[in-house]
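Before any comments, here is the structure.
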There are 2 protein chains.
Amino acid sequence: MRLTLAFVSVAAATFALSSPAAAEEGMWTFDAVPTDAIKAAYGWAPDQKWLDHTRAAAVRLTGGCSASFVSNEGLILTNHHCVVGCLQNLSSADSDLVAGGFNAADRARELKCPGQQAEVVTAITDVTGSIRAAIGSLTGEALVKARDARIAEIESAECPDRDTTRCQVVTLFGGGQYKLYKYRKYSDVRIAWAPEFQAAFFGGDPDNFNFPRYAMDAAFLRAYENGKPAATPAHLKWNPRAPQEGEITFVVGNPGSTQRLLTETQRAFQRTERLPLTLLLLSEYRGRLIASMDESPEKAREGADELFGIENSFKALSGQFRALNDPAFTAQMAAAEAELREKVRGNAEIGDPWSEIDAAMAKRRDTYLDSVFLERGPASFSTLAGYAQTLVRAAEERAKPNSERLPGFTDSALPLTEKRLTDPVPTYPWLEELAVAFWASKAREYLGTDNDDIKALLGKESPEALAKRLVTGTRLADPAYRQQLWDGGAAAIAASDDPMIRFFARLDPRSREIKAAFDRDYDAPVTAAQARLAKARFAAYGDALYPDATFTLRLSYGQVKGWTERGKPVPAMTRIGGTYDRATGQLPYKLAEAFVTAESRIDKNGVYDFVTTNDIIGGNSGSPVIARDGSVIGTAFDGNIHSLGGNFGYDGTLNRTVAVSTAAIQQALDVIWPAPALAAELKGGKRR
Amino acid sequence: MRLTLAFVSVAAATFALSSPAAAEEGMWTFDAVPTDAIKAAYGWAPDQKWLDHTRAAAVRLTGGCSASFVSNEGLILTNHHCVVGCLQNLSSADSDLVAGGFNAADRARELKCPGQQAEVVTAITDVTGSIRAAIGSLTGEALVKARDARIAEIESAECPDRDTTRCQVVTLFGGGQYKLYKYRKYSDVRIAWAPEFQAAFFGGDPDNFNFPRYAMDAAFLRAYENGKPAATPAHLKWNPRAPQEGEITFVVGNPGSTQRLLTETQRAFQRTERLPLTLLLLSEYRGRLIASMDESPEKAREGADELFGIENSFKALSGQFRALNDPAFTAQMAAAEAELREKVRGNAEIGDPWSEIDAAMAKRRDTYLDSVFLERGPASFSTLAGYAQTLVRAAEERAKPNSERLPGFTDSALPLTEKRLTDPVPTYPWLEELAVAFWASKAREYLGTDNDDIKALLGKESPEALAKRLVTGTRLADPAYRQQLWDGGAAAIAASDDPMIRFFARLDPRSREIKAAFDRDYDAPVTAAQARLAKARFAAYGDALYPDATFTLRLSYGQVKGWTERGKPVPAMTRIGGTYDRATGQLPYKLAEAFVTAESRIDKNGVYDFVTTNDIIGGNSGSPVIARDGSVIGTAFDGNIHSLGGNFGYDGTLNRTVAVSTAAIQQALDVIWPAPALAAELKGGKRR
């Protein structure tokens with residue numbers, strides 16, 4: 001499971017829980033963990049010391065994953081699929097680190113992952129009052145500008161040291177609360193160990209979001225500072241014992257985005273517009289990619305990470321679409337909305353935020369296709385186009401005062417933006433061309449040949465000709481050229497004859513116009529309405545509420561537990577030996593090489609993967625699964641098929657987190673892809 | 001516009017109009033043309049002689065199109081896109097009849113289209129009583145068997161001469177009426193003239209279902225008998241004048257399928273299950289095809305017809321999906337259902353057919369994926385697999401008495417089945433492999449790796465390995481081998497070691513089981529319920545109703561008329577000169593060669609394409625557009641984007657038929673791709 005593509009996540013305001021959370025439901029912020037409810041359910045709950053320690057060991061990976069420190073020398077446990085992009089970036093035709101895995105013989109051979117940054121929360125502060133004061137009684141675009149300006153100011157002022165800290169103001173309850181998260185950041189993150197792809201992703205797309213499962217979806221990174229392993233006294237104790245059925249488990253990580261409190265109108269938009277369109281685009285793109293990768297082993301290797309991302313998003317969004325077309329599921333949500341409306345009826349302070357959202361949504365429908373196809377343009381699909389858009393925007397934004405810049409270009413955001421832009425990453429011309437041509441052909445299909453924007457952007461070129469010209473002509477694959485344009489600012493961009501830069505220079509004004517219209521017509525009125533909806537919820541249900549996921553640190557509690565699928569019990573865990581039974585000799589059910597060579601040394605009865613009732617979502621990938629004693633017993637890497645409706649609501653009878661056990665990882669380190677130094681480091685990790 | 005793929009049209013019971021038809025709405029059977037309504041709207045209506053003559057000149061093409069005789073020597077006017085498959089089948093790497101067009105210098109050089117058959121209705125008889133008597137009080141599978149047996153008996157008895165006649169019993173009003181259609185058939189149909197593809201399909205997929213339009217989507221075939229042009233004294237007068245705004249027009253053809261009287265439950269199934277699944281499958285298949293065709297000019301040529309079919313189906317079904325997600329559109333339908341329920345409330349003879357359909361639909365949902373992926377298996381996508389399925393089934397069915405056979409294998413259906421099976425058609429191994437692998441990968445994705453059918457069919461093979469083995473190993477590309485297996489019957493099938501045959505021999509029992517479950521659990525109860533729903537409609541609204549489309553001959557009336565699109569008027573016709581303004585030099589907006597070379601001779605002010613308010617749907621492609629005097633002034637080839645909701649209901653303010661004018665075709669024959677003999681033949685066509 002991964003965060004969905006940037007392209008996929010266009011818009012959709014997020015929000016909080018309507019009626020009070022059911023047992024085990026909830027992605028709780030660390031400053032509002034429901035210890036009473038946990039104690040009521042399990043007879044025990046973590047104390048503040050437990051929480052503080054866990055929080056300090058929890059790592060956010062800026063690529064869209066979660067992780068945790070597991071030694072006092074910066075060792076990070078996460079999922080293989082969270083590092084597969086790094087492995088691919090470090091691979092070549094001669095050395096395929098994805099297929100073969102990676103096992104650094106010593107620390108000197110650990111390799112830096114381009115674009116990767118690790119972050120640890122050090123403080124959470126409520127800044128709601130300050131932001132509310134800045135908004136005052138503003139509306140429309142002015143509201144959005146004032147809010148974003150104050151956020152930029154706070155973030156800049158609170159984290160003056162931009163080399164080791166990062167500040168982020170997070171909007172919770174859709175504007176009901178604003179919290180400042182302060183992070184310790186590590187910009188040098190290296191890969192230490194990863195299994196063979198065929199073990200990590202055994203079962204491939206068919207088994208994704210399914211269980212029983214036989215996947216070694218785990219890897220180790222290491223945070224460095226000043227060229228040395230970072231000192232991380234706060235880390236989780238490595239605990240390679242098997243999980244026990246029914247034991248309490250905590251998943252601590254960064255769920256990316258949920259939409260549990262959309263209004264009926266917003267859900268209808270998801271069901272009838274956003275999800276179908278996105279799924280159709282992903283389907284065709286997936287098809288183009290699969291057929292292109294079939295042309296040669298190089299293309300198969302080069303396109304692999306892109307394909308996994310597409311297939312993962314497709315499956316996740318399919319699950320959302322199914323959930324929103326399930327009458328039983330949606331009836332619950334409709335009932336919750338009706339109940340809340342009833343509870344606050346006649347409350348003048350609340351008014352009718354639902355109708356305000358309806359009105360904003362009507363406008364949103366009119367400009368939705370513009371947002372999808374023109375706001376990011378080919379940058380939705382192509383890496384090189386993404387560089388061009390960043391460079392063109394940065395040139396204009398960086399010339400402005402901090403408080404007037406677009407969110408990605410404020411002082412606090414710039415370091416990561418620059419790192420992502422300039423870190424060397426291989427790009428593949430065929431894949432870039434495919435991406436740009438796909439964007440152009442779909443933009444023309446959906447907006448129409450006679451659309452003014454399409455005419456202006458395509459001129460007399462076909463999608464394929466445009467793609468060829470931009471990709472063949474651009475120098476943006478060269479990190480030095482990107483750095484040069486970044487450093488050169490507006491003058492360098494104006495002077496550049498790079499065709500991709502010129503394309504985005506033409507698109508950017510229109511793209512900003514679309515964003516401005518979205519801010520004015522949707523974001524502003526919906527922000528105002530949602531703040532009152534939040535008030536309504538707190539009034540109706542008290543403060544035992546958790547906000548929608550925002551890719552910030554959350555805690556979820558639950559237990560090791562299977563479920564019943566159409567009358568058949570699904571056991572809570574699998575054994576490593578099951579891999580051999582499931583193997584067919586053909587992808588994606590082909591055994592990893594080490595599974596063949598090490599078969600006699602593997603304890604086949606050892607636990608492999610397991611499921612828990614924790615409430616998680618994409619972005620939680622890599623999260624530690626933590627036992628009552630604070631030790632780590634697994635790393636969450638997926639949800640079952642029922643977890644996909646979790647975007648809209650949690651169903652504890654069916655929704656399950658899927659994790660790989662530390663017991664299995666220990667076997668991997670001991671006998672499958674032996675890494676004695678790592679094993680020793682894990683064993684010697686400082687106990688709390 | 002074409003009939004959707006066989007694969008796409010899985011199930012969905014069809015039905016008739018709920019409330020009385022609005023002006024210009026309706027696809028009327030020739031035995032129930034609403035002359036009073038036409039007269040009321042236009043002050044004139046066709047008499048019986050007009051209708052008889054037109055019916056005798058109307059041609060059905062078994063590939064899924066409509067057409068008309070336009071000379072007394074068997075000359076047939078239809079669309080280019082109805083013959084593009086033929087052109088592709090007759091092409092080779094050296095001679096690309098799709099790209100270059102076809103222009104037979106004389107009749108001896110007209111070439112036979114594989115698989116094509118032309119049919120003309122000669123009689124329509126009501127057989128409702130006979131079928132109802134056979135059904136009696138039967139239910140479930142017995143009902144379906146009895147009904148199909150009686151149909152087979154009638155068809156066999158009424159058309160003993162199977163060389164020149166064909167009988168088909170058509171189910172109208174979902175079982176409210178059964179009519180026997182008797183056809184004169186022509187099994188030797190040859191291509192006489194077709195323009196360059198780039199003129200016929202100018203604007204390609206982006207312009208498909210749009211208007212203004214600049215497409216020469218016309219072609220001429222010729223029916224032969226005994227090796228000579230068929231004598232066709234009944235034909236339409238060729239009338240190359242421009243259409244006049246507001247003039248009455250008749251479209252006479254074979255609309256394939258509409259679903260205008262689904263119940264709310266059935267529409268919900270379309271919206272939440274069938275359409276999304278089908279669209280997603282088409283999208284990915286389209287993507288795979290596009291990328292594969294990009295590999296070489298040969299593949300681009302060989303895959304073209306398949307791609308057009310996919311894109312056309314995709315767009316048509318997208319329009320249906322949009323319509324069913326349009327609250328205004330669906331509210332009308334919900335209101336119509338509510339009104340009918342109210343009108344027949346308490347009528348014991350009618351009962352509650354809606355609830356019966358609900359119950360059947362609940363079962364249908366459970367087995368829907370089995371139907372989609374296992375009933376036809378890879379035959380949904382692959383031509384060779386289709387041959388295998390036909391051969392395996394035919395071997396078993398032909399051994400049974402006529403009345404016990406599956407519908408495609410009754411005496412009356414066998415000649416066309418055999419013709420389609422044995423006519424020589426080129427197949428392309430890469431495309432066949434792509435098709436089989438796609439089927440296998442999607443079947444596994446949707447049914448699951450652990451599904452018993454998937455385990456049995458795939459074993460330890462990957463989808464790609466299975467596809468390679470079946471396609472590389474089969475001899476079914478050879479028409480002689482197909483004929484040999486057909487002639488050899490069950491013994492030959494049992495003895496064959498052809499891997500594709502063996503695959504279907506394994507699948508077929510399961511496939512029959514799925515069909516039997518569909519018959520028992522859905523078709524039978526729904527047939528019974530729909531017969532009572534029909535009764536309810538006749539009781540409530542009298543007999544001014546037309547049945548849902550069934551790919552049988554219908555008449556639609558309307559007028560030449562533009563529409564208003566978001567406040568802007570869309571004119572009713574385009575001029576040939578507009579092509580030059582729209583051309584970009586790049587596909588799909590590249591001018592046909594003859595448009596370049598003949599530019600000075602073309603009357604650019606001449607009418608090209610035009611729109612009318614006629615109510616048509618896929619299958620109507622190639623239908624003549626007929627003026628009041630019975631002459632042909634165009635051939636319908638498309639609908640506008642609003643026509644796509646026409647599957648569920650007709651909206652006269654927006655729904656438009658798109659036709660190419662005879663005026664434009666005359667220019668084509670005179671100066672663009674000159675065909676003086678054809679032009680003379682059209683001019684000399686016997687006048688009525």
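Sequence lines set the chain letters: A, B, ... in the order given, protein chains first and strands last, and positions in each chain run from 1.
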What residue, out of D205(B), I290(B), L289(B), D207(B), has the most heavy-atom pairs lying under 4.5 Å from chain A?
-> I290(B)
Heavy-atom pair count under 4.5 Å with chain B, highest-scoring of D294(A), N325(A), T449(A) | T449(A)
Side chain, backbone, both or neither of K442(B) within contact of chain A (heavy atoms, under 4.5 Å) | side chain
Under a 4.5 Å heavy-atom cut-off, does chain A meet the side chain of Y589(B), its backbone, both or neither?
-> side chain
OG1 (T584(B)) and NZ (K455(A)) are apart, to the nearest 0.5 Å, by 12.5 Å
If you tally heavy-atom pairs under 4.5 Å between each of A291(A), P206(A), S283(A), P276(A) and chain B, the highest tally belongs to S283(A)
Under 4.5 Å from a heavy atom of chain A, the part of Y285(B) involved = neither
Atom of T272(B), atom of F321(A) and distance for their closest heavy-atom approach | O-CE2, 4.3 Å
Within the distance-only criterion (no hydrogens, no angle test), does the side chain of K460(B) pair as donor or acceptor with the backbone N or O of A583(A) below 3.5 angstrom?
-> yes
Around atom NZ of K299(A), are there more than 12 heavy atoms of other residues, nucleotides or ligands at under 6.0 Å?
-> yes
Rounded to the nearest 0.5 Å, how far apart are CD of E461(B) and CD of Q586(A)?
-> 6.5 Å
What do you reckon, is NZ of K363(B) surrounded by more than 12 foreign heavy atoms closer than 6.0 Å?
-> no
Once you round to the nearest 0.5 Å, how far does CG of L279(B) lie from CG of L279(A)?
-> 11.0 Å
Per-residue tally against chain B (heavy atom, under 4.5 Å) across E445(A), R582(A), R322(A), R286(A) peaks at R286(A)
May I ask you to test the E295(B)-E295(A) pair for a side-chain heavy-atom distance under 4.5 Å?
-> yes
